[in-house]
Amino acid sequence: MTDATFADFDRPVPQPGGVNRVPEVTPGFWLIKLMAVTMGETAADFLAVNLGLGLGATTVLMTAVLVVAMLWQFRQKAYVPATYWIAVVLISVVGTLITDNMTDAIGIPLITSTIGFTLALAATFAAWFAVERTLSIHEVFTFRREAFYWLAILFTFALGTAVGDLISEAFGVGFAGTGVLFGLIIASLALGYFALGLDGMWAFWLCYIFTRPLGASFGDFLAQPAEFGGLGLGTIVTSLAFLAVIAGTVVLMTTRAAPDLAE
C-alpha cells in the first residue's frame with residue numbers, strides 16, 4: 001500500500017486502467033482543500049444561524065445539493081477541476097452538518113462521534129483495499145473506486161469536525177490553540193513523509209483528516225465574535241473571502257488542465 005504519494009507535484013502518473021478522475025496532490029491541492037474546509041465550517045454556520053434556516057433544514061437542503069453535485073461528478077470520465085472542487089466544498093458543508101446534528105440535535109458526545117467516525121473511516125479503507133487491493137488516489141478510474149474515495153472523504157470531514165470541536169470546545173483549547181495544534185501535527189506528518197520515510201498513502205489521508213479541524217478552527221477564529229475567542233469578521237465576510245480564493249484557484253487549475261483535456 002505504498003503506491004499513493006503524499007505530494008507528487010507535477011509528476012506524470014501512468015494510467016494503465018483508465019484516466020484518473022481525481023486530482024494529483026500538489027501545493028494547489030492542499031491550498032484549495034484548506035480553503036474548502038474553512039468555508040464548509042463558516043457556510044454551514046451562515047445558513048443555519050445567520051439565515052435562520054436551522055440545523056435540520058440546512059442539512060436537508062445541502063444534502064440535496066450535494067447529491068446533485070455528486071451525480072455531476074460521477075458523470076465525468078476524467079478529473080474536471082470545477083466539478084471536483086464543487087463536490088469537495090459541498091461535502092465539507094454536509095460533513096460538518098452531520099457531526100453538528102449528532103452533537104446538537106441528538107446529544108451524542110463528541111468523543112463518541114470521534115470514535116464512531118474513526119471506525120467508519122477504517123472500515124471504508126478496509127473494504128476499499130479488500131475489494132480493489134489498493135488505496136491509491138492515482139488509480140481512481142472506475143465507478144467503484146471513486147465511490148470508495150468519496151465515502152472516505154465524507155467520513156474524513158465528519159471525523160475532522162468531531163475532533164476539532166472536541167479539542168477546541170470540550171477540551172477548552174479554543175479556536176486559535178486548536179489551529180496551532182493541528183498545524184503542528186500536519187507539519188510533523190510532512191516531515192515524516194519527506195525526511196523519515198512515512199508511507200505516502202497514510203501521510204496523505206492523515207493530513208486530509210487534520211486539515212479539516214485546522215481549517216475549521218481558522219474559519220471560526222476569523223468569523224466568531226471576540227467574546228467567543230474570534231476576530232468577529234462574521235460568517236458572510238469569511239465565507240466570501242475563502243470562496244474567492246477557491247474560485248480563483250479553480251480557474252487557474254482549469255486553465256492549466258485545458259490542454260491535457262483537449263488531447
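When side chains are defined from C-beta on, V89 does not count as touching L243, because their heavy atoms never get closer than 4.5 Å. Two residues are said to be in side-chain contact when any heavy atoms from C-beta on lie closer than 4.5 Å; Q76 and R21 fail this criterion.
When atom types are taken as modelled, the side chain of W85 and the backbone of I32 share no donor-acceptor pair closer than 3.5 angstrom. With hydrogens and angles ignored, the 3.5 Å screen pairs no side-chain donor or acceptor of T99 with any backbone N or O of T96. At least one donor-acceptor pair closer than 3.5 Å links the side chain of K33 to the backbone N or O of Y208. Between the side chain of N20 and the backbone N or O of I137, at least one donor-acceptor pair lies under 3.5 Å.
Connection of V93 to V49 is not established within any shared hydrophobic cluster, with ILVMFWY side chains joined at heavy-atom distances below 4.5 Å, either directly or through further cluster members. Clustering ILVMFWY residues whenever any of their side-chain heavy atoms sit less than 4.5 angstrom apart, transitively, puts V60 in a cluster other than the one holding I91. By the criterion of side-chain heavy atoms lying less than 4.5 angstrom apart, applied directly or through intervening Ile, Leu, Val, Met, Phe, Trp or Tyr residues, L184 is not grouped with L196; the two fall into different hydrophobic clusters. Side-chain heavy atoms closer than 4.5 Å link hydrophobic residues (I, L, V, M, F, W, Y) into clusters, and following such links, possibly through other members, connects M39 to I236. Cluster membership for V65 and I98, using ILVMFWY side-chain heavy atoms within less than 4.5 angstrom, is shared.
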Which side-chain N or O atoms in residues 108-120 pair as donor and acceptor under 3.5 Å with protein atoms at least two apart or in another chain?
unit_1, atom_1, unit_2, atom_2, d
S113, OG, P109, O, 3.4
T114, OG1, L110, O, 2.8
T118, OG1, T114, O, 2.7

Could you list the donor-acceptor pairs under 3.5 angstrom formed by side chains in residues 153-177, with sequence neighbours left out?
unit_1, atom_1, unit_2, atom_2, d
T156, OG1, I153, O, 2.6
T161, OG1, F157, O, 2.8
T161, OG1, R212, NE, 3.2
T161, OG1, R212, NH2, 2.9
S168, OG, G164, O, 2.9

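Residue L47 holds its CG atom at 8.0 Å from CG of L97, rounded to the nearest 0.5 Å. We find the OG-OH distance between S188 and Y193 to be 15.5 Å, quoted to the nearest 0.5 Å. Atom-to-atom distance recorded for L51:CG and L61:CG is 10.0 Å, nearest 0.5 angstrom. From L198, atom CG reaches atom CE of M201 across 10.0 Å, with rounding to the nearest 0.5 Å. For the atom pair CG (L53) and OG1 (T59), the distance works out to 10.0 Å, reported to the nearest 0.5 Å. Note that the CZ atom of R133 and the CD atom of E139 stand 13.5 Å from one another [nearest 0.5 Å].
What you find for V19 and A78 is that their closest heavy atoms are CG1-CB, 3.5 Å. Summarising the geometry of M253 relative to Y79, their closest heavy-atom pair is SD-OH, 3.7 Å, with the distance given to 0.1 Å. Closest approach of S217 and T178 over heavy atoms only: OG-CG2, 3.1 Å. Residues A69 and L90 come closest through the heavy atom pair CB-CD1, 3.4 Å. Heavy atoms only, all atoms of each residue included: G28 and T249 are closest at O-CG2, 4.4 Å. Between M35 and F242, the shortest heavy-atom distance links the atoms SD-CD2, 3.0 Å.
Each of V237, L231, T42 was compared with L222 under the side chain to side chain contact (heavy atoms under 4.5 Å, CB included) criterion, and only L231 meets it. Just one of Y149, F210, W30 meets the ring-ring contact (aromatic ring centres under 6.0 Å, His included) condition when paired with F204; it is W30.
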- Where do Q73 and E146 land on the side chain to side chain contact (heavy atoms under 4.5 Å, CB included) test, with the steps shown first? CA-CA 10 Å; Q73 166 63 26; E146 188 173 7; 2.8 Å; yes
- Task: Apply side chain to side chain contact (heavy atoms under 4.5 Å, CB included) to E132 and R144, showing your working.
- Result: CA-CA 9 Å; E132 299 292 340; R144 188 166 62 187; 2.6 Å; yes
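Between Y84 and W72, a ring centre-to-centre spacing not shorter than 6.0 Å is recorded. With ring centers used as reference points, F125 lies 6.0 Å or more from F129.
V67 forms part of a hydrophobic cluster together with L71, judged by ILVMFWY side-chain heavy-atom separations under 4.5 Å.
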